[in-house]
Structure formats: structure tokens, C-alpha cells
Amino acid sequence: MAMISVEGLSKTYRVANKQPGLVGTLRHALRRQTTDVAAVADVSFRIEPGEMVGFLGGNGAGKTTTLKMLSGLIHPSAGRVEVAGHTPQRRQAPFLRQITLVMGQKQQLLWDLPPRDSLRLNAAVYGIDDREAERRIGELAAMLELGDELNRPVRKLSLGERMKAELLAALLHRPAVLFLDEPTLGLDVNAQARVRQFLAEYNQRFGATVLLTSHYMADITALCPRVLLIHQGRLFYDGSLAALSARLAPCREVRLELTTILPASSLERFGTIEALEGRTVRLLIRRDQLTARVGELLAALPVADLEVRDPPIDELIGTLLQQGVIG
Amino acid sequence: MGRYFRTLRRFWGMALASEVEYRFNLLIELVAVVANLASSLFVLSLFFGDGHRLGGWSWPAALVVLGVHQLLDGLTITLLQPNLTRIVSHVQEGTLDFVLLKPIDSQFWLSCRTISPWGLPPMLAGLAVIGWAAQRAGAPADPTTLVIAGLMLLCSAVILYSLWFLIAASSIWFVKIWNATEVLRTLLTAGRYPISAYPPGLRLLLTVVLPIAFLTSVPAEAILGRATASWLVASGALALMCLLISRWFWRFALRSYTSASS
């Protein structure tokens with residue numbers, strides 16, 4: 001039986017159309033005009049117990065809204081959701097004991113007190129007795145390489161240490177389903193790697209089901225054999241990461257700083273133009289043609305600086321959708 | 001139930017641990033309590049200066065009302081204000097999500113999360129005034145009166161909590177709600193003096209529309225051993241009703257939050 005099953009899930013928000021300024025405010029107060037905006041539209045998927053699935057999509061694609069519907073914080077406008085055999089939106093205690101939600105930009109630990117206090121509080125809330133709680137804290141702290149940090153006020157911890165403590169607090173009740181929304185947001189490369197390694201280990205040791213969103217492609221490649229790709233609220237891809245990479249990998253982003261401003265027409269032959277702002281150009285070039293094209297453009301164009309990197313996920317997805325490569 | 005008690009112990013233990021940092025506050029709070037009480041006593045003594053009675057209440061009997069008001073003000077500082085004004089920031093910062101995902105009643109969490117020891121001095125001062133004044137007014141000190149008085153005080157605390165919670169819960173829609181709780185606190189100062197001291201129109205307003213009479217005057221009557229059965233029943237029924245309304249309203253607010261938030 002699937003751990004998470006989602007069928008035809010939709011969420012529509014009613015948004016007020018208000019013109020800026022005082023006149024706009026007054027007009028809005030007299031006659032409200034609203035539009036319905038679909039944040040998530042007709043999304044369906046199933047996730048089996050123990051799977052680690054990456055949730056990809058740009059800003060505002062509907063990832064967080066979907067995660068919140070799966071954890072029961074938002075009521076769906078339409079469709080059916082079942083997580084661990086429960087309907088999330090009822091938020092019944094047996095369901096809440098089986099899930100956890102970690103949000104990279106929000107924290108549940110108390111700012112002025114050491115994480116250990118918040119952990120003990122969570123133990124009391126979940127009805128875990130003191131000895132068992134201490135045992136679990138010890139086990140998870142060892143996996144996260146947390147030691148004395150648990151006894152220092154949260155405000156004195158680094159961002160990486162704080163995130164690790166947040167994870168500990170979120171996993172103390174041993175949830176079977178983990179919803180992780182940008183768990184590595186803002187962390188440095190080492191801390192990101194540490195968190196990734198922990199999540200992989202946790203998944204192996206406890207067989208937990210994990211649904212993870214991230215802006216960092218590296219998080220997804222390291223952890224998730226399967227990915228869901230969502231764009232403008234619609235599910236565009238559900239399958240193996242390898243297959244998606246085969247479509248995404250051909251492209252790399254070449255960022256150029258030119259000494260003079262050139263028209264788009266003289267740049268097009270080197271690759272797809274992603275952005276052209278003054279003397280800064282960003283081109284998408286197929287990986288198999290990369291060295292040849294970079295050689296050509298260095299010879300042909302007045303280049304002051306050049307950088308090659310993986311394009312940001314959201315732009316890549318947007319471009320690919322426009323080109324009809326996926327979807 | 002045991003889980004709730006254990007959670008409550010952790011809540012308050014943590015709150016007191018972070019308050020220890022600010023010991024100087026205690027001194028300031030003590031000065032404020034004494035000054036506040038002294039000014040109320042002064043105003044009240046002006047009414048009674050030449051042997052007048054206020055709305056049929058003698059000087060010591062009116063002092064009992066003042067004591068009850070002081071007790072409730074202490075309760076506000078100890079529990080209501082520190083907890084309920086936080087709902088706004090939970091909504092603003094999105095941390096309400098964490099509360100809603102815990103397998104524990106969210107109204108319990110939001111109402112009991114923290115405790116401020118700085119309300120204890122006004123509560124003790126209130127009890128002292130009540131004790132002294134009740135004795136001077138010749139109130140009976142038999143167990144029945146004490147039990148009834150205790151129950152009436154509990155009812156008034158429940159009514160006050162429910163009013164506060166209703167206002168604080170509406171911050172789900174209107175984020176700037178803090179001013180409204182200040183208005184409530186100001187209105188409650190009307191409860192410093194016996195309700196029958198006010199003109200009939202205002203008396204009706206303070207009894208029926210705003211249950212301020214039930215907050216101070218009715219428990220004071222009970223302390224003085226003059227409460228009638230009908231007032232006791234009315235008080236208990238009102239407290240229960242207010243509490244149920246606050247729970248219903250919170251569920252209603254959450255429905256709106258869960259269907260609108262992003």
C-alpha cells in the first residue's frame with residue numbers, strides 16, 4: 001500500500017485585485033474584485049513506504065502548497081490525499097504522530113533556550129518518557145554530529161548547527177513520513193553535505209518515507225532516485241532522476257561579461273540566449289558542444305569574463321517547458 | 001491527561017528559566033503594583049471620605065471589589081497577556097504551522113505556552129486586599145462561603161480568559177489586533193468599583209453587553225457572603241458559555257487559516 005497517495009489534488013486561492021495607492025485602496029474597499037489563482041492544479045502521484053522523492057520546481061511552482069496539503073495545514077480545493085492511511089486535513093493525533101514537516105526558513109526551537117529544552121518539550125508533547133527521549137536524542141545527535149551544541153542557547157548556534165538541531169527536534173517522535181521544505185536553505189557546502197548524509201542514513205536506518213524540496217540540484221541528485229517536477233501548479237514529470245538528467249544534462253550555462261554591448265543576433269549562433277542585460281549575457285549551450293562553442297565565442301566576441309555552471313533549476317525548467325522538451 | 005500535565009510543567013519550567021535573566025523586572029513590577037493600588041485606594045477613599053456609601057457598598061466591601069480586580073489584573077499579566085499576544089506573531093511568522101502539527105490541542109498550547117512571574121505580586125496584593133477588607137466588612141469565613149467564593153473567582157477568570165482569547169484569535173484575519181486587547185484591559189478598569197455605583201444605563205451595559213459585573217462585583221458579593229443562587233447559576237452558565245464560544249471560534253478561525261494560508 002502506498003504511503004502517500006494523491007489524486008487530482010488542486011488548490012485555488014482567491015486573490016484580491018487591488019490597484020496601488022489611495023484611490024486603488026478606496027475603490028477596492030467599495031467594490032472588491034478577486035481572481036482565482038490556481039496554486040496547484042490536478043496533481044496525482046503515489047509514493048511507496050521508504051521512498052525518497054525529490055520535489056523540483058521554481059519559486060511559486062506549488063511545492064510548498066503541496067507539502068502543506070500533505071501535512072494537513074491547508075485544505076485542498078479539490079482532489080483526494082491520503083498519507084499513512086489518514087486524511088491529512090483532519091489533523092488527527094494518530095496522523096500527526098507519524099509525520100513531520102521541516103521548513104528551512106522557519107524554526108520551532110526556542111531562540112533564548114538551548115535546543116535540549118525544546119527537545120524535552122517535544123518529548124512531553126508526544127508522550128515519550130524521559131529515558132526513551134534521552135536515548136533517542138543521543139542516537140540522533142550522534143548521527144548528526146551534535147554534542148555540546150544542544151546545551152547552548154539557540155541564538156548562539158551557527159545556521160548549520162541550528163538546522164541540525166531543528167532536524168533532531170522534528171524527528172524525535174520517529175515519524176514514518178518526512179516532509180522537508182528546503183532543509184539546506186542558506187547552509188554552506190559542508191553543512192549541506194552533512195545534512196544530506198544524515199537524511200540518507202535516517203532513511204536507511206528507519207525506513208522513513210521522504211519527500212524533499214530543494215533549490216540545490218545537489219540535494220536531489222545525492223538523495224532522490226525519483227523526482228517529481230512541478231511547474232505553475234502542474235505536475236510535468238514523475239520518474240527517475242536519471243531520465244530527467246538525460247534531458248537536463250545536455251545544457252550548461254555560460255555567463256559572459258562583454259567589453260561592448262552586442263545585439264542578440266550576433267550571439268544566437270553560440271547557444272540559446274537565457275538573458276541579455278547590457279554587457280552581461282547568459283547562454284545555454286549543449287554539453288557535448290561546450291568546448292567547441294566556448295572556443296568559438298572567445299575568438300569571435302570581445303569577452304572580459306566567462307563562467308560555466310549548471311543553470312538554476314527554475315530557469316532551466318522554464319526554458320525546457322517553452323521548448324516543449326518536457327511536458 | 002498526564003501528557004498535558006507533563007507538557008504544562010515543561011512549558012512553565014522553560015518560561016521561568018528564560019525569565020531568570022531579567023531579575024530587575026521584578027523590582028519595577030513591584031513598584032508599579034504598589035503605585036497602581038495606591039491610586040485606586042485614593043480614588044475610592046474620596047468617595048467614602050465623609051461616610052458616604054457607594055452604590056450601597058460600604059468602604060471595606062468596595063475594597064473587596066478592588067481586590068478582585070487586582071487579582072484578575074495579575075492573572076492577565078501572568079498568563080493571558082504573555083500567551084495570547086503571541087498568537088499574532090505565530091501567524092505573522094508562520095510558526096503557527098508547528099503548533100498545528102503537534103498532536104496536542106492547539107488552544108491549550110497557545111493559551112498555556114508561557115507564564116510570567118511578574119503577575120504574581122499583583123495577585124498576592126489582590127488576595128491581601130480581599131482578605132483584609134472582607135474581614136473588616138464582617139464577611140463570614142465559613143467553608144461554604146469560601147468554596148462559593150473560590151468557584152465565583154474561577155468563573156470570572158474563565159470569562160476574562162475567553163474574552164481575551166476571542167480577541168487574540170481574530171488575529172488570524174486582522175493581524176494588528178494588539179490594540180484591541182488594550183481596549184479590553186482599559187474597559188476592565190471599570191470593574192475596579194462596584195457595579196451598582198454606575199448609572200443604570202451604564203450598569204446594564206457593563207452587565208449584559210460586557211460581562212464586567214460578572215468579573216468583579218459578582219465574585220465580591222460571593223466573598224462577602226451575599227451572593228444569591230440565581231447570580232451564582234448565571235455566573236457559572238456564562239463562564240461555560242464563554243469558554244465554549246472561545247473553543248468554537250478557534251476552530252472556525254483555524255478553518256479559515258487552513259483554507260487561506262499559503
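First the proteins, then the strands, lettered A, B, ... as listed; each starts at 1.
- Remark: the B:Tyr161 side chain and the B:Asn83 side chain contain no N/O donor-acceptor pair separated by less than 3.5 Å.
- Only the backbone of A:Gln107 comes within contact range of chain B, with at least one heavy atom under 4.5 Å from a heavy atom of that chain.
- Within 6.0 Å of CZ on A:Arg80 lie more than 12 heavy atoms contributed by other residues, nucleotides or ligands.
- Proximity of a side-chain donor or acceptor of A:Arg97 to a complementary backbone N or O of A:Tyr126 within less than 3.5 Å is detected.
- Only the side chain of A:Leu113 has a heavy atom closer than 4.5 Å to any heavy atom of chain B.
- Contacts between A:Leu67 and chain B at a heavy-atom distance below 4.5 Å are absent for every atom of the residue.
- The contact between A:Arg91 and chain B is made entirely by side chain atoms (from C-beta outward), counting heavy-atom distances below 4.5 Å.
- With a 4.5 Å cut-off on non-hydrogen atoms, A:Ser77 does not touch chain B at all.
- Heavy-atom neighbours of B:Arg10 CZ from other residues, nucleotides or ligands within 6.0 Å: above the threshold of 12.
- A salt bridge links A:Arg155 and A:Asp112; the closest N-O separation between the charged side-chain nitrogens and carboxylate oxygens is under 4.0 Å.
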